[in-house]
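Okay, so here's the structure we're looking at.
Just so we're on the same page: letters track the sequence lines, and every chain starts at 1. These figures come from a predicted structure and were not determined experimentally.
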Amino acid sequence: MDEEPERAKRWEGGYERTWEVLKEDESGSLKSSVEAILYQSKRKRMITSHNQVRLGMVQGHRNTGNIGLLPILLKKLMRHLYVVIDCSRSMEDQDLKPNRLTSTLKLIEKFVDEYFDQNPISQIGFITTKNKRAEKLTDLAGNPTKHTTALKKAVDTVCGGEPSLYNSLNLAIQSLKHMPGHTSREILIVLSSLTTCDPANIYELIKTLKTLKIRVSVIGLSAEVRVCTVLTRETGGLYNVILDESHYRELLMMHVKPPPATTSSECSLIRMGFPQHTVSAVMDRDAKPSFSMSHLDSSSSCDPGLSLGGYFCPQCHAKYTELPVECKVCGLTLVSAPHLARSFHHLFPLQTFTETPVEELQGERFCQACQGELKEKSMFTCPSCKNVYCMECDLYIHDALHFCPCCTHGDAAR
Amino acid sequence: MKLNIEGLLVYFPYDYIYPEQYSYMLELKRTLDAKGHGVLEMPSGTGKTISLLSLIVAYQSAFPLEVTKLIYCSRTVPEIEKVVEELRKLMEYYAKETGERNNFLALALSSRKNLCIHPEVSALRFGKEVDGKCHSLTASYIRSQRHTDPNLPLCSFYEEFDAVGRQVPLPAGIYNLDDLKDFGKRKGWCPYYLARYSILHANIVVYSYHYLLDPKIADLVSKELAKNSVVVFDEAHNIDNVCIDSMSVNITRRTLDRCQNNVDTLQNTIHNIKESDAAKLKEEYRRLVEGLKEANVARETDVYLANPVLPDEILREAVPGSIRTAEHFVGFLKRFLEYLKSRLRVQHVVQESAPQFLKDIFEKVCIDRKPLRFCAERLQSLLRTLEIADIADFSAVTLISNFATLVSTYSQGFTIIIEPFEDRTPTIANPVLHFSCMDPSIAIKPVFQRFQSVVITSGTLSPLDIYPRILDFRPVTMASFTMTLARTCLCPLIVGRGNDQVTLSSKFETREDIAVIRNYGNLLLEMSAIVPDGIVAFFTSYIYMENIVASWYEQGILENIQRNKLIFIETPDAAETSMALEKYQQACENGRGAILLSVARGKVSEGIDFVHHFGRAVIMFGVPYVYTQSRILKARLEYLRDQFQIRENDFLTFDAMRHAAQCVGRALRGKTDYGLMVFADKRYARADKRGKLPRWIQEHISDGSLNLTIDETVQLSKHFLRQMAQPFRQEDQLGLSLLTLEQLESEEMLKKITQIAHQT
């Protein structure tokens with residue numbers, strides 16, 4: 001995570017009952033203990049997310065602009081995610097600054113960037129719900145800029161009425177159910193309201209979601225709601241409620257990592273195209289500028305899309321200006337090699353470092369990465385190079401770097 | 001796990017134990033060792049039942065001669081079933097650990113309505129009908145008549161049971177009501193009579209309070225239970241009211257009219273019998289001269305539970321001559337009835353003591369005290385002689401005769417109040433004669449005297465010392481246990497003022513104040529926006545609720561609330577309420593969210609649990625004082641002051657706080673549950689009120705949350721709800737509020753455990 005946002009002035013903040021944090025821990029049940037629990041779950045999250053990935057191999061024949069076969073791994077690298085954003089009356093609450101909606105949209109923008117950074121061959125779409133209705137903000141697509149502009153626009157939405165879980169889930173199902181089985185189908189709901197206005201029995205819909213293998217996760221902005229607990233439990237998703245803004249971001253970022261796949265994957269190999277960017281003019285003198293296929297049906301005509309070069313589908317020669325994309329003509333997934341490489345670390349995750357108390361360390365107590373002194377109670381040792389890191393560096397290495405700096409350093413030296 | 005409780009080996013059927021359970025068992029064992037009575041308070045959801053059962057069963061197997069029987073009294077049928085299920089788990093664990101089936105016999109007993117398997121009788125809907133119908137099939141004289149006339153209907157189940165059922169004891173095992181029915185169906189025996197017979201040799205009996213406290217039923221069912229039994233009253237916070245109700249009689253004009261019909265029927269029957277079978281009446285007369293000696297013999301051997309309705313002296317005497325013959329008795333009843341009718345024809349409220357009443361009745365209609373005392377017994381004898389099958393029809397005359405016996409027997413502890421109309425409707429004449437018991441110890445005294453250990457336990461018994469005083473007994477242990485928690489899962493808040501600084505209170509002077517009502521509305525509105533799923537709100541009375549809700553409607557507050565949650569209201573009608581409850585739960589389940597407006601002391605406040613999402617917050621609007629203008633209450637307060645030196649105010653506060661604690665306790669039913677408890681009245685902050693809340697609630701009220709505004713409450717609640725929504729797993733509890741055997745046996749923990757029990 002990057003640095004903390006600047007704190008609001010103290011008088012602008014909510015009630016901070018700071019004296020409660022200071023209470024001694026004798027009774028064993030105070031806020032500090034809740035924080036300890038949070039810390040533990042943070043650790044746990046890291047460990048579980050690493051353990052669920054089992055090894056697989058990418059065997060794509062990455063010849064020039066050709067079709068390869070990618071074995072589908074236990075972790076689903078291709079994700080289809082719908083994010084449902086609650087835009088009901090309760091989003092105007094000011095316990096997140098400046099209000100819940102603005103704060104949420106800002107965080108989600110960051111989330112979109114991070115999402116495509118980590119899952120380059122995945123798609124995302126947005127749904128808003130208010131006044132008992134659900135509307136599609138953006139369709140499922142793999143283009144981050146399109147989503148961010150839509151999100152920026154949404155800041156001015158007038159919040160009102162109640163949200164409808166049923167309608168938004170239903171809307172998401174309509175598009176998700178057509179997605180191929182080897183990809184993940186996910187819905188992430190950011191729910192601020194504590195009530196939902198449904199036209200029919202939502203438990204029936206939960207059953208449908210379950211049979212369609214759609215995983216629904218919920219991030220609650222106010223408190224634990226029963227129906228969400230059931231919804232997430234049944235569909236295998238996560239349910240969390242935020243404590244404050246930084247916790248909110250943490251929870252959102254948790255959804256950046258691809259979820260563990262269920263054992264019954266539909267097929268083991270999928271076809272993928274690896275088009276190379278070509279400027280036709282170089283090869284062919286009769287080249288004419290052409291439209292990208294993805295612009296044909298998009299109503300937003302901000303850029304005309306008429307260009308000479310582009311990515312051509314190795315199967316049907318349809319042209320696209322951007323990757324990754326699913327070919328509109330023949331349905332082939334088009335990616336570029338770097339995209340796959342970026343998803344690579346999900347397949348070969350860095351091993352979990354072993355946690356040991358600092359007291360066991362002989363000699364100088366400093367972290368190999370940041371060179372800072374080990375102040376916390378526990379330290380983390382890389383199992384292969386036996387170097388020691390502090391908690392913060394450990395998280396950073398696992399979340400962002402995906403390799404152990406000392407191991408690579410050692411390799412280079414050899 | 002196997003526990004060592006001061007040298008006693010206790011089998012506990014779970015792998016983990018709460019520290020307070022261990023502490024509870026320690027106290028319980030000390031009570032049993034001392035062969036005395038105990039008062040124990042432990043929060044609901046901490047496994048009171050299983051602790052009780054494990055320890056007492058262990059005690060029974062270790063000292064089979066000291067404690068032969070456990071009598072477990074609970075309030076409702078579902079609670080009884082729950083106890084039996086826990087017991088079953090315990091016994092399975094015993095069997096697994098010791099490798100052999102122990103020959104424990106445990107069974108539940110309930111009314112005929114719940115146990116009958118006769119195809120026609122069990123189809124009836126009301127308990128009274130079932131009893132009456134059963135009686136008409138199984139009464140002894142009906143059965144003897146059948147010898148002469150085999151066409152009369154019979155209950156084959158009872159006949160079968162009577163023929164063989166008594167010779168073979170019920171095989172050892174655990175029987176809940178359904179098990180008994182199954183067993184009965186298999187053998188063709190009547191489960192009800194089988195159960196009633198089997199409780200005599202069962203090791204554990206689970207049944208309702210009334211089988212022990214109500215003199216009329218106790219006499220039939222629990223008379224022969226062994227003296228060295230342990231009696232447990234669970235959920236006993238209202239035990240004094242149960243005692244009082246079982247001894248009180250209310251007579252209205254309708255009762256008298258029905259009684260008149262009864263008497264007429266009696267007269268006709270006597271007339272008929274006299275022509276057909278005069279010898280029968282003579283035989284009865286002879287028996288009455290002999291007196292009730294038979295009963296007297298039994299009582300001298302002290303194996304029977306004393307019947308508080310009929311004191312010992314009565315049984316030594318013969319029935320007085322004036323009511324010995326059937327006609328004279330009916331004449332006597334008529335006179336008594338006329339007298340009561342004349343008394344009900346009053347224009348103003350009359351309150352008098354029992355001796356005054358007796359004096360008056362002697363002057364007006366020359367009825368002596370002595371025949372009055374025999375009235376109940378005499379009527380029973382007559383009904384038996386006349387072979388009247390359907391006793392249910394004669395409830396009115398039975399009531400009157402019970403009243404006659406009670407009023408002439410007790411000169412103290414009772415009062416007679418005759419009101420010409422109800423307070424609420426002063427224009428409609430509806431005279432009622434209340435013969436009201438003011439001393440709960442009268443009904444419970446035989447229980448304390450007879451059984452070696454009586455344990456009174458509940459989630460809310462604070463302040464503990466008042467129960468021994470009003471029930472007039474000496475406990476050897478009195479302890480209150482707190483709840484050890486890995487996270488503070490309850491959040492009691494006292495809201496004293498609105499955002500405009502108006503003092504919130506339901507006290508009489510400000511009850512109509514529009515500002516208070518508006519602020520109460522705002523509180524509910526704000527809470528409805530931040531609390532997920534279900535909120536239960538309690539008012540002090542139906543009238544108060546009606547007024548408030550009406551004025552919320554006018555102010556538009558209800559409309560705003562309904563945007564957040566649906567609103568359901570409890571009414572005095574049971575069917576309507578259960579409908580509302582069902583819909584309420586549905587709304588909580590599917591995420592719409594709901595508010596249930598209900599009344600302290602109502603059905604919802606006592607028997608219904610709002611686990612998890614069904615009750616995330618309880619709001620108590622006002623202090624639920626009992627209606628203090630009631631004359632019965634006034635008489636009782638006076639009596640308490642004179643006899644037990646309990647000041648009126650102390651008792652009223654105690655009574656209000658125990659109901660408040662019951663109400664807010666509905667939301668928290670276990671350690672994984674969590675709930676807000678909002679006390680919306682400034683008066684709760686006062687030490688005399690706060691000090692009477694159970695200790696496990698009190699210790700979580702911080703000084704900072706004594707006089708909050710609505711805004712502050714909302715902030716605190718939001719914070720609390722977010723904290724509670726964080727993932728909470730069993731591992732987080734381990735070692736703190738949930739212990740394995742090793743953890744339990746560590747020195748440090750044992751030291752901590754001694755602090756849990758709070759002796760008074």
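Within 6.0 Å of atom CZ in B/R497, more than 12 heavy atoms from other residues, nucleotides or ligands are found, so the atom counts as buried in its surroundings. Annotation for A/Q174: atom CD counts as buried by contact number, over 12 foreign heavy atoms lying within 6.0 Å. Other residues, nucleotides and ligands contribute at most 12 non-hydrogen atoms within 6.0 Å of the CD atom of A/E135. Heavy atoms from other residues, nucleotides or ligands lying under 6.0 Å from CD of B/E747 number 12 at most. Enclosure of atom OH in B/Y553 is not indicated, since only 12 or fewer non-hydrogen atoms of other residues, nucleotides or ligands lie within 6.0 angstrom.
Using a 4.5 Å cut-off between heavy atoms, B/C588 contacts chain A through its backbone alone, with no side-chain atom that close. If you measure heavy-atom distances from B/A529 to chain A, the contacts under 4.5 Å come from the backbone alone. Contacts between A/T196 and chain B at a heavy-atom distance below 4.5 Å involve backbone atoms as well as side-chain atoms.
Annotation: maximal heavy-atom pairing with chain B below 4.5 Å, among A/I202, A/L221, A/L165, occurs at A/L221. Across A/N240, A/L231, A/D244, A/D95, the residue that shares the most heavy-atom pairs under 4.5 angstrom with chain B is A/D95. In terms of heavy-atom pairs under 4.5 Å with chain A, the best-connected choice from B/A587, B/A725, B/G534 is B/A725.
Taking both residues in full, the closest heavy atoms of A/V225 and B/P532 are given as CG2-CB, 4.0 Å, listed atom of the first, atom of the second, then distance. Nearest heavy-atom pair, A/V227 versus B/G591, reported as atom, atom and distance to 0.1 Å: CG1-CA, 3.7 Å. The shortest non-hydrogen separation linking B/N564 to A/T195 is O-CB, 3.4 Å.
Here NE2 of B/H612 is found 10.5 Å from OG1 of A/T229. Values are rounded to the nearest 0.5 Å. A/N201 contributes atom CG, which lies 7.0 Å from atom CG of B/N590 (distance to the nearest 0.5 angstrom). Between the CD1 atom of A/I242 and the CZ atom of B/R722 there is a distance of 4.5 Å, given to the nearest 0.5 Å. The distance from atom NE2 of B/H719 to atom CG of A/L243, rounded to the nearest 0.5 Å, is 8.0 Å. Annotation: the span from B/R592 atom CZ to A/D198 atom CG amounts to 9.5 Å, rounded to 0.5 Å.
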**Message:** The test is side-chain contact (heavy atoms from CB on, under 4.5 Å); show your working for B/L721 and A/E224 and say whether it passes.
**Reply:** CA-CA 7 Å; B/L721 288 167; A/E224 183 191 350; over 6 Å; no
**Request:** Begin with the C-alpha distance, continue with both residues' side-chain angles, and end with the deciding distance and a verdict on side-chain contact (heavy atoms from CB on, under 4.5 Å) for A/D93 and B/K718.
**Result:** CA-CA 12 Å; A/D93 200 317; B/K718 261 187 178 175; 3.0 Å; yes
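We find that A/R226 and B/E589 are joined by a salt bridge, their nearest charged nitrogen and carboxylate oxygen being less than 4.0 Å apart.
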